[in-house]
There are 2 protein chains.
Amino acid sequence: MSQPNKYFISENNVPFNDVFQFGLSVDCVVFGYQEGQVRVLLIERDADPYKGSWALPGDLVSPNEDLEFAANSVLNKLTGLKDIFMEQFYTFGSVDRHPAGRVATVGYYSLVKTNNYHPVASSWAKSIQWFDIRELPELAFDHKNILEKGIKTLQHRVRYRPVGFELLPLKFTLSELQELYEALLGYKFDKPNFRKKILAMDLLIALGEVQENVWHRPAKLYKFDEGRYRALRNEGFAFEL
Amino acid sequence: MSQPNKYFISENNVPFNDVFQFGLSVDCVVFGYQEGQVRVLLIERDADPYKGSWALPGDLVSPNEDLEFAANSVLNKLTGLKDIFMEQFYTFGSVDRHPAGRVATVGYYSLVKTNNYHPVASSWAKSIQWFDIRELPELAFDHKNILEKGIKTLQHRVRYRPVGFELLPLKFTLSELQELYEALLGYKFDKPNFRKKILAMDLLIALGEVQENVWHRPAKLYKFDEGRYRALRNEGFAFEL
DNA sequence: TCAAAAGTGTTCCGAATACACCCATGC
DNA sequence: GCATGGGTGTATTCGGAACACTTTTGA
C-alpha cells in the first residue's frame, strides 16, 4: 500500500496503527407478512458471544465485498432467495456494541414475499424462526435497537413509497393489501375509501381472475404495475398512502 | 481480547485476520442558508490523496469514540460550534471508494444557523468555503455521491419534520421561512396559503417584535416553539409541509 | 405619493371522511 | 334462506389552490 502514513493524517489524531482497526458487519431485518401479522426472521445464535440468544441475521463483511453484496449474501444463505428487495436504513457504531472489539454494523431491511421463502439454518444459527413484531424475544447485542429502528423506517417508507407490495404474493386482493397496511401501520382504514384511493393511483392491474376456494364472494385479484409506477414517478407523481 | 477466534466464526468465511481490517470515517454535509441560497461547507484538501481537491469535511473515527461524537468533532473543529443539529443519513462502503484501503464512511448532515458559524481552516484543509448547492465543484473520493444523497435526504426530511428552522436565525419572518423552503425544495409556495398552513400548525411563537432597518413595512418576527412541537407530536400530530 | 413587501379575506374545487347499501358465494 | 366478506355510491366536510385586496413602512 503506497505511502499510507501520508494518506492518513487525521484531524482527530488517530494514530496510523489504529486506522484499519474496525470490524464491519451487516445486519438484516427481514420482514414477512402472513395472516395479518408482520413478522421478522430471527436466528438463534450457535456461536459466542450470545450463544443461544435470538439475534438478527447478519455477518461480517469481507474486505473485498461491497455492503450490499454482503447483505444479499446473508439473506440468500438464509432463504435461498436472490434479488430480494433490500434497503439500507441506519448504521450502528457505538464503541461498546460488540464485546470482542470495535465492530460497526450497517442495518438493512428486506421484504420477502409470503410464498417464496425457505429459511434454512446455518453454521452460526441453531434455528431460525419468524416472530410477530408485536411479540419479540430478547435479542443479542444491540439488536433490539436495530430492529426497532428498522420497523420505524419501514413504517415510514411504506407510506411514501409502494414498497408494501414486496410483502404480498404477486397476485393479491384489495382486502389483503388493506390488511397489510393496517398491520404495518397499526391503524384501520375505511374500506371504500381505501379502495378508491389506491385504485385512483392507477398502479394496480386487475388480472381478471378471482379468488378460489373461499366460502364467500370471491375477490378480484390484482398485481402491482411496476412499470406504470416508474413512468408516473418520472412525471412527478408521488405515492402516498 | 478473550478468545477472539471463537467470537468470529463468519458464515461468510471471513478469515479472522481480516476481521478488524476496516477503516471507518464520518463525512459531514454541512448545510447553511443565506440570501435565498442553500449552501454546503466544503474544504480544500491539504493532504493526500486528492490534495487540492474540494471535499466534504470528515475524519477518521478513532476506535474509542462513537460515530456521533466523531461527527460532532468534525463540525466543532470547523466552525467552533457545539450541539449542532446533526443526523446520520447513509453509509458508503464500496470496496474501492478509498485509494488507500477499505474505508467505510458514515454520512451525516448538519444544519447551521446562518448567524452562528465561524469556519476555520485546519490541518488537512487548505481552505474552507460555502458553495451554493446548485453550483458545486468537482469533489474528491465519492463525495459527489455522498453530497447528493445528503441533499436528497434533507429535501425529504424537511417536508415531514420541522428541521428547516435549524437553518434560520432564532428570530425569523414568515417570508424568510417561505423563502427557505422554496430554496430547499426548488418550487414556489403561494404566500397567503403558506402562511395559513404554517400558522395553523401552532408551532410558531409571535415575538411581538418586528424587523428593523427595512425600507418597507417591517415583518413580524417569530420563533419556533420546540416544546410545543414535542407536545403535539406525542398527541400524534405529524408535521408536514 | 409611490414602491415594495407585509399581511388578510374570500371563493372555488377536489380529496378525504363517514356511512349506507348492494352483490356473490358456500352452506 | 343466511352468514360472510366483496364491492359500490353518495352526501358532507375539510383543507388546499387561486387570487384579489388592504396595510405599513422608507424615501
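Here is the naming used below: chain letters follow the sequence lines, and residue numbers restart at 1 for every chain.
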Kindly write out the residues that satisfy side-chain hydrogen bond (donor to acceptor under 3.5 Å, both in side chains) with [X], not counting sequence neighbours, or none if the list is empty.
X	value
A/Glu68	A/Tyr108
B/Asp132	B/Gln37, B/Arg134
B/Asp225	none

inquiry  = Of all nucleotides in DNA chain C that come within under 4.0 Å of a heavy atom of chain B, which is furthest toward the 5' end and which toward the 3' end?
reply    = C/dA4 to C/dT10
message = My understanding is that only residues two or more places apart in sequence, or in another chain, count here; which of them pass ring-ring contact (aromatic ring centres under 6.0 Å, His included) with A/Tyr50?
response = A/Phe141
Going by salt bridge (charged side-chain N to carboxylate O under 4.0 Å, His left out), name the pairs with one or both residues in [range], residues two or more places apart or in two chains.
range	answer
residues 197-207 of chain A	A/Asp202-A/Arg228
residues 78-88 of chain B	B/Glu87-B/Arg157, B/Glu87-B/Arg161
residues 230-241 of chain B	B/Glu226-B/Arg230

message = Of all nucleotides in DNA chain D that come within under 4.0 Å of a heavy atom of chain B, which is furthest toward the 5' end and which toward the 3' end?
response = D/dG16 to D/dG26
Reported CG-to-OG distance for the pair A/Asn145 and A/Ser94, which is rounded to 0.5 angstrom = 8.0 Å
Below 3.5 Å, can you tabulate the donor-acceptor pairs from side chains in residues 174-181 of chain A to any protein atom, sequence neighbours excluded?
residue  : atom : partner  : partner atom : Å
A/Glu176 : OE1  : A/Thr173 : N            : 3.0
A/Gln178 : NE2  : A/Glu182 : OE2          : 3.0
A/Gln178 : NE2  : A/Phe189 : O            : 2.9

ask   = Which of residues 189-201 of chain B sit near DNA chain C, with a heavy atom under 4.0 Å from it?
value = B/Lys191, B/Pro192, B/Arg195, B/Lys196
request  = Within residues 205-218 of chain A, find the residues that approach DNA chain C with a heavy atom at under 4.0 Å, and present them sorted by residue number.
outcome  = A/Val214, A/Trp215, A/His216, A/Arg217, A/Pro218
